[in-house]
Trainee: 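Once you've had a glance at the structure underneath, I'll fire off some questions.
Letters A, B, ... are given to chains in the order of the sequence lines, protein chains preceding strands, and every chain is numbered from 1. Below, each value reflects all heavy atoms present in this structure, side chains not excepted, and no hydrogens, waters or symmetry copies. Quick caveat: nothing in here was measured; it's all calculated off a predicted structure.
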Number of protein chains: 2
Amino acid sequence: MDKLDCMRAFAAVAAQSSFTSGARQLGISTKLASKYVARLEEQLGAQLLNRTTRKVTLTDTGRAYLERCLPLLDQFDELQDVVQLRQQELAGPIRITAPTGLGSRELVEALQPFQQAHPKVMVELVLSDRHLPMLEEGVDLAVRFGALKDSTLVARRLCSMRLVVVASPEYLAAEGEPVEPEALATHNCLLQMTSPQPDAWVFGKGVAQRTVTVGGSFRANSPRAVAHMAASGLGIARCPHYTALPFLRDGRLQVLFEQQETDPTTLFAVYPSSRHLTVRIRALIDHLAGCFGPG
Amino acid sequence: MDKLDCMRAFAAVAAQSSFTSGARQLGISTKLASKYVARLEEQLGAQLLNRTTRKVTLTDTGRAYLERCLPLLDQFDELQDVVQLRQQELAGPIRITAPTGLGSRELVEALQPFQQAHPKVMVELVLSDRHLPMLEEGVDLAVRFGALKDSTLVARRLCSMRLVVVASPEYLAAEGEPVEPEALATHNCLLQMTSPQPDAWVFGKGVAQRTVTVGGSFRANSPRAVAHMAASGLGIARCPHYTALPFLRDGRLQVLFEQQETDPTTLFAVYPSSRHLTVRIRALIDHLAGCFGPG
DNA sequence: ATCATTTATGAACAACATGTACATAATCAT
DNA sequence: ATGATTATGTACATGTTGTTCATAAATGAT
């Protein structure tokens, strides 16, 4: 028996001066209203109502109690409404994290139309290559390559992304073009540090899949930076296809080992596995899936 | 599962950032605290807390909810306290009714020491010979001869009171002293109108009990007034013994039919049959029982 | 990196409470 | 005096509660 229900029953009966009318107003039986009020009187150790079979009146104590519990009941209803509204409104802060290599352009381009469509939402983008503990950092959503291993989170697949190995024609003319990935061990390989495993380059698929450990004289935490450096002739780089695309188009870079590419890496949106996600978080996830997904 | 209990559990867990600590603070099991908070989240359709096995943090919604429910919980506790204090304090109004014939002196003499002992109590004496509907008139206590027939009320016996039939020696010398009560039919009988049945005078006890219908040329709604008129020689009166006592002492009245008195009438305190009487009502009832009772 | 400890919660269940249905007593209107 | 309506007592089938035990996971210590 819920105390708030008891108080509502008392308030309705008092307002109507009748158990039958009060109960009808609340959509409960007369017997139940009687039980609720009796329970309240018992808990308070005070008579709130005097009643005969046809007459119900407030005692002095009951009147004093009614004066005070009516505003409380109103405040409770308001509290419920506040939470419901907050839950349903497409407004408020969203704190999103992404690796620096991704967030500087592609993600921003994806977030911009969402922000514009929902001006009440306030997006805070936290570029970080560390795997932030989401709960502690107050992060609502992470966009990442590879699903995080955390039982409290779920990962929603956004898109596949090709990783390509590239070099400039100048570099290849001077150092020779490696025929097999294993030959990379004797080449100057430029490391992209925001990658989960920057020096472990994976080739092939299925049972033919293998990893080659590489190294070199330059590393940066920016796919764009290492692509640029490769285009300048310094060495061989691995980066997302979309990052290298401008250089590929104008001939400053070319793709190596195209027949031996491994599975593309998957971009995920990662968020707490709660049944009570706010509307705005859910909306952003759907939006990102639309931006990065097929179509 | 009480909603207020759920809110208290949430507040305690949030304050301690721990289900285990919060539960201990409330004196409930960790499992139960977990259930309460989950229930609250389900009812609100919102995640209030994020939790791992060793870490509990508030969501934004949870923080907003906590801000609002803490004052509400305080107000509930205050409401409970207000009623308890009101119930236990010897203070406040008491509305008491009594017949005019009684209240003008004897009852006032009884109420005076009670009032003096409890200055915070405010006694309102409503003298009325009508049987007031107590609930409707907002009457807390009635002092009456004869218990009221009402299932919602209880009657506490205060004391017995003799009713005597009196006449002055002058009247008797002029009109002759009636030997049997039946002779009253030919006498001038003065009626005391605050009596329940002013013209039905009862004599004898048990199987010998009988009623004589009387009448005369004077009636008043005051026992003292009719006693005074009898002492002046106009006729024969029936009144409480205590009213006639001063005239009996100085020989201005004498008692008739002393061997044939009926049962004395009983004075009652009548009040609502509630298990939740306020302290002051109960105190006054006890006081009156002490004043009018034996000793 | 591994292991131990602590925490939050899933699952199961005996005990208790709930809300309903029916009957009854009492009050008020006719 | 009688009938209609109301508040509540009683009984009970059903649902909920709070506990206990087990488990999975996270954090701290080594």
Trainee: Taking only side-chain nitrogens and oxygens of K55(A), does any of them come within less than 4.0 Å of OP1 or OP2 of dC28(C)?
Mentor: yes
Trainee: Can a salt bridge be assigned to the pair R51(A) and E41(A) using a cut-off of 4.0 Å between side-chain N and carboxylate O?
Mentor: yes
Trainee: Taking N and O atoms by type only, does the side chain of K31(A) place a donor or acceptor under 3.5 Å from a partner on the base of dG19(C)?
Mentor: no
Trainee: Grab the CG-P distance between D2(B) and dT18(C) for me, whole Å please.
Mentor: 10 Å
Trainee: Side-chain N or O of Y36(B) less than 4.0 angstrom from OP1 or OP2 on dT17(D)?
Mentor: no
Trainee: Could you work out which one of dG19(C), dT8(D), dA8(C) sits closest to the side chain of S18(B)?
Mentor: dA8(C)
Trainee: Side-chain contact, heavy-atom cut-off 4.5 Å: V83(B) with R68(A)?
Mentor: no
Trainee: Between atom CZ in F19(A) and atom P in dA26(C), what is the gap in whole Å?
Mentor: 18 Å
Trainee: Taking the minimum atom-to-atom distance to the side chain of K35(B), which one of dT9(C), dT8(D), dT19(D) wins?
Mentor: dT19(D)
Trainee: N50(A) CG to dA26(C) P: how many Å, rounded?
Mentor: 17 Å
Trainee: Rounded to whole Å, how long is the line connecting atom CG of D5(B) with atom P of dT16(D)?
Mentor: 17 Å
Trainee: If I take atom CD in residue Q16(A) and atom C1' in nucleotide dT6(D), what distance separates them, rounded to the nearest angstrom?
Mentor: 15 Å
Trainee: What nucleic acid atoms does T20(A) come within less than 4.0 Å of, heavy atoms only: base, sugar-phosphate, or nothing?
Mentor: sugar-phosphate
Trainee: Under 4.5 Å between any side-chain heavy atoms of I94(B) and E124(B), yes or no?
Mentor: no
Trainee: When the distance from CG of L32(A) to P of dT6(D) is rounded to whole Å, what number comes out?
Mentor: 17 Å
Trainee: Q43(B) has an atom CD; how far is it from atom C1' of dT16(D), in whole Å?
Mentor: 13 Å
Trainee: Would you say dT20(C) has OP1 or OP2 under 4.0 Å from some side-chain N or O of S29(A)?
Mentor: yes
Trainee: It should be established whether R54(B) places a side-chain nitrogen or oxygen under 4.0 Å from OP1 or OP2 of nucleotide dA8(C).
Mentor: no
Trainee: Give a yes/no answer on whether the side chain of T53(B) brings an N or O atom under 4.0 Å of OP1 or OP2 in dA25(D).
Mentor: no
Trainee: With a cut-off of less than 4.0 Å, is there a side-chain N or O of T52(A) near OP1 or OP2 of dC28(C)?
Mentor: yes
Trainee: Between dG15(D) atom C1' and M1(B) atom CE, what is the distance in whole Å?
Mentor: 13 Å
Trainee: Considering only NZ, NE, NH1 and NH2 on the basic side and carboxylate oxygens on the acidic side, decide whether D77(B) and R8(B) come within less than 4.0 Å.
Mentor: yes
Trainee: Under 4.0 Å between a side-chain N or O of R51(B) and OP1 or OP2 of dT9(C)?
Mentor: yes
Trainee: Just checking R95(B): does its CZ atom have more than 12 heavy atoms from other residues, nucleotides or ligands closer to it than 6.0 angstrom?
Mentor: yes
